[in-house]
Number of protein chains: 2
Amino acid sequence: MSEFARPTLDDVARAAGVSTATVSRCLNSPNQVIPATRQRVMEAVQSLGYTPDFGGRALASRRTNTVGAIIPTMENAIFARGLQSFQEALTKAGKTLLVASSGYDPAREREQMEALISRGADGLLLIGSARPEASIEYLRRRGVPYIGAWNLGGPDGYFVGFDNAAAAAKLTEMVIAKGHQRIAMIGGISDMNDRAAARILGVRQTIAAAGIGDGSLRVIEAPYAFQNGADAFGALMETSPRPTVVMCGNDVLAVGALQKAREMGLRVPQDVSITGFDDIDISAVVDPGLTTVRVPHRRMGEAAAEMLLRLINKETVERQVEIPTAIIERGTLGPPPAA
Amino acid sequence: MSEFARPTLDDVARAAGVSTATVSRCLNSPNQVIPATRQRVMEAVQSLGYTPDFGGRALASRRTNTVGAIIPTMENAIFARGLQSFQEALTKAGKTLLVASSGYDPAREREQMEALISRGADGLLLIGSARPEASIEYLRRRGVPYIGAWNLGGPDGYFVGFDNAAAAAKLTEMVIAKGHQRIAMIGGISDMNDRAAARILGVRQTIAAAGIGDGSLRVIEAPYAFQNGADAFGALMETSPRPTVVMCGNDVLAVGALQKAREMGLRVPQDVSITGFDDIDISAVVDPGLTTVRVPHRRMGEAAAEMLLRLINKETVERQVEIPTAIIERGTLGPPPAA
DNA sequence: TTGTACGCGTTATCAA
DNA sequence: TTGATAACGCGTACAA
């Protein structure tokens, strides 16, 4: 009650009648201390409510057991899920995870990098590979291990993720096999978001290769939100000739599109087909269920933790770990209408 | 390339040909330094890629500009959304947010408290008010300002949140007004989750007060997941006499219940009514739309940031800030079947 | 097994 | 306006 200052090692030492070194040892390598002493020290720790000061500890020991993650936004369930398992794996290894979000802004991402590194992060998890060279140079110069996740990257750097383009291509092949000739797409904003860009690319290339229609693809890009999916779908349905299938870069967009179709009195998949990407929870719940690409986020989080930990420990690490995806067929993809 | 160690203040000072004190001043109070010197120093900072060490800085200045938040899980969108705005408000005030999750485990929450405090957190955001007295005592002794969010709390402590019980009661009154006599509920796990408990309580008390049925309420508690909502709904529909309405403690459970109803060939709301709580995105997308309680998470995050900041600055603060909720009527609540 | 004493990188005080 | 230098809290050789 009367004590309002944080207790220090010194306070504990005095209370227990030992030296600060002994208290420190009790906390860090207890078996070097005789049980009687240890108990006395631990009692003092308890009664004072002592918690070691992170700053002092980091300063003296030169390590922090902290890793940082910078994600675009906490509001996207797919990051939340992957991060959760990332954190669980880290916790098992005795590390603490610090999370920051960039709001899809490279400048802000850079700020967060500095904040995390100045807090002593031993390693960093970043999303994707699209970022200014200066940010990467900064990381490199500082010698901070980092990995990109949620997709695969270029020739250098370490990545654990999905081949977004290949998965989109495979789904597109299935769409074409159903007989669709007029394909349109609603994608995420591809600028500085390589996942969104790769998904669009996969669809586009497959269509071009198959020589469907004129080989081009109509794409509307929009931030991930139900309403944007609905609006874009409405716009696409205005065009003539109407697409027979709308492929979406993300399930959120797809569900919005699906809702809009219902509002417009269009039956899915009889009048128009819709596909998604990610397989979020909601995709199994809508009616009809969404045909989409399943992306195992939890496994990716675990794999990312393992890779980053190995990098931090300077063990050998594969440069790329690919997490396989799978197409989940539910009800929103069918053959094109006969018309 | 050849430099792999983190540059220190000393390195910068040497490179710029000044003392460490001057470098420190350049970074913290630039106008105390003559422009010519400042520029020379800043160039050295740039070219070395210097970032101040957080530990050293915290040690010397005795403040961290860091606040911590401990949430049950990152996978619940309602926390993610509130946290996002909490963080935005904090960032404006020059603070950095560190997020940790407890997995609904009080012991783990306590560990995270220590981790955050040892990292110098100036204040803590916690969810709800249900936690062991020892955890609270620990916080109090350390003199760390903290607030509970997402609900309101007891006589002491600071809270910003919703009156979960009152909102549930109001919704129940509406249900009763529609003519329902047989009400059942699917709630979250109420143990150590005061939000879930309060929602159940609000429903139960209203039913008892109205003398509906025998005044008791059948409740199944389950973790928030679609499948659990579906399973619990199935179990409830087995009972006889069947409830005419199933009130859910959360929209996730409600959507699961809705899906199960469809599977069972039950029309909503003609055969059975369903209500939710939270108004997550999906609730407007399902068919029919979910009648639920809207909880403005973003506003809560902002209000929480303001309150915590004031507490940290030792300004005067109201003990409780209540964020109003509203009932959103969509399609899942109707009158009971005539039968 | 325990204690002494130094150094980690920074800020802040006091002189110059 | 700038420079020495003493804290800050902790870990760890080294000595006892």
Side-chain angles (χ1 to χ4, degrees), chain A residues 3 5-42 44-45 48-66 94 114-115 117-122 142, chain B residues 3 5-42 44-45 48-66 114-115 117-122 142-143:
Chain A
E3 285 304 316
R6 259 187 88 160
T8 70
L9 243 207
D10 206 60
D11 297 327
V12 177
R14 209 164 323 154
V18 298
S19 76
T20 60
T22 299
V23 179
S24 175
R25 276 189 285 257
C26 277
L27 267 30
N28 299 301
S29 37
N31 36 357
Q32 284 185 33
V33 181
I34 204 169
T37 326
R38 198 192 324 173
Q39 188 182 345
R40 205 147 35 95
V41 171
M42 287 323 234
V45 167
L48 291 174
Y50 170 78
T51 303
D53 177 81
F54 177 78
R57 171 173 273 186
L59 207 49
S61 71
R62 318 215 23 76
R63 57 207 149 68
T64 62
N65 284 331
T66 296
E114 299 193 16
I117 288 175
S118 70
R119 279 179 167 70
D122 298 325
R142 300 297 298 272
Chain B
E3 285 304 314
R6 256 186 91 159
T8 70
L9 242 206
D10 205 60
D11 296 328
V12 178
R14 209 164 323 154
V18 297
S19 74
T20 59
T22 299
V23 179
S24 176
R25 275 188 288 258
C26 278
L27 267 29
N28 299 300
S29 37
N31 37 356
Q32 283 185 33
V33 181
I34 204 168
T37 324
R38 198 191 325 171
Q39 188 181 343
R40 205 148 34 95
V41 170
M42 288 324 235
V45 167
L48 290 174
Y50 170 78
T51 304
D53 178 82
F54 177 79
R57 172 173 273 184
L59 202 52
S61 71
R62 315 207 37 67
R63 58 210 147 66
T64 62
N65 284 331
T66 296
E114 299 193 16
I117 288 176
S118 70
R119 279 179 168 71
D122 297 325
R142 301 297 299 271

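Bear in mind the structure is a predicted one, so any value in this text is a computation, not a measurement.
Proximity of A:T37 to the phosphate of C:dT2: a side-chain N or O atom is located under 4.0 Å from OP1 or OP2. OP1 and OP2 of D:dC10 both lie 4.0 Å or more from every side-chain N or O belonging to A:S61. Taking only side-chain nitrogens and oxygens, A:R57 comes nearer than 4.0 Å to OP1 or OP2 of D:dG11. Of the side-chain N and O atoms in B:T20, none sit less than 4.0 angstrom from OP1 or OP2 of C:dG9.
Atoms CD1 (A:I117) and C1' (C:dG9) sit 17 Å apart, rounded to a whole Å. Distance CG (A:D53) to P (D:dG11): 10 Å, rounded to an integer number of Å. Put simply, CG on B:N28 is 17 Å from P on C:dG9, counting in whole angstrom units. Distance CG (B:N31) to P (D:dT2): 12 Å, rounded to an integer number of Å. Protein atom CD of A:Q32 is 12 Å distant from nucleotide atom C1' of D:dA13, rounded to whole Å. Atom pair B:D11:CG and C:dT10:C1' shows a separation of 13 Å (rounding to whole Å applied). In this structure, the CG atom of B:L59 is 16 Å from the P atom of D:dA6, given to the nearest Å. Here the C1' atom of nucleotide C:dG9 and the CZ atom of B:R14 are 13 Å apart, to the nearest Å.
Nucleic acid contact for B:T8: sugar-phosphate only, since backbone atoms but no base atoms lie under 4.0 Å from a heavy atom of the residue. Here A:F54 lies out of heavy-atom contact (under 4.0 Å) with every strand.
Side-chain proximity of A:A21 to D:dG9, C:dT10, C:dG3: nearest is C:dG3.
Nearer to the 5' terminus of DNA chain D, by closest-nucleotide assignment, is the contact made by A:L9 (compared with the other of A:L9 and A:R25). Looking at which nucleotide of DNA chain C each of A:I34 and B:L27 is closest to, the 5′-most match is held by A:I34. Taking for each of A:T22 and B:S19 the nucleotide of DNA chain D with the nearest heavy atom, the 5'-most of the two is the partner of B:S19.
B:L59 is listed as a side-chain neighbour of A:L59, based on a closest heavy-atom distance under 4.5 Å.
The shortest non-hydrogen separation linking A:P52 to A:L27 is CG-CD2, 4.4 Å.
For the residue pair A:S118/B:R57, the side-chain donor-acceptor check at 3.5 Å is not satisfied. In the model, A:T51 has a side-chain atom that pairs as donor or acceptor with a side-chain atom of B:R142 under 3.5 Å.
Atom OG1 of A:T64 and atom CD1 of A:I117 lie 11.0 Å apart (nearest 0.5 Å).
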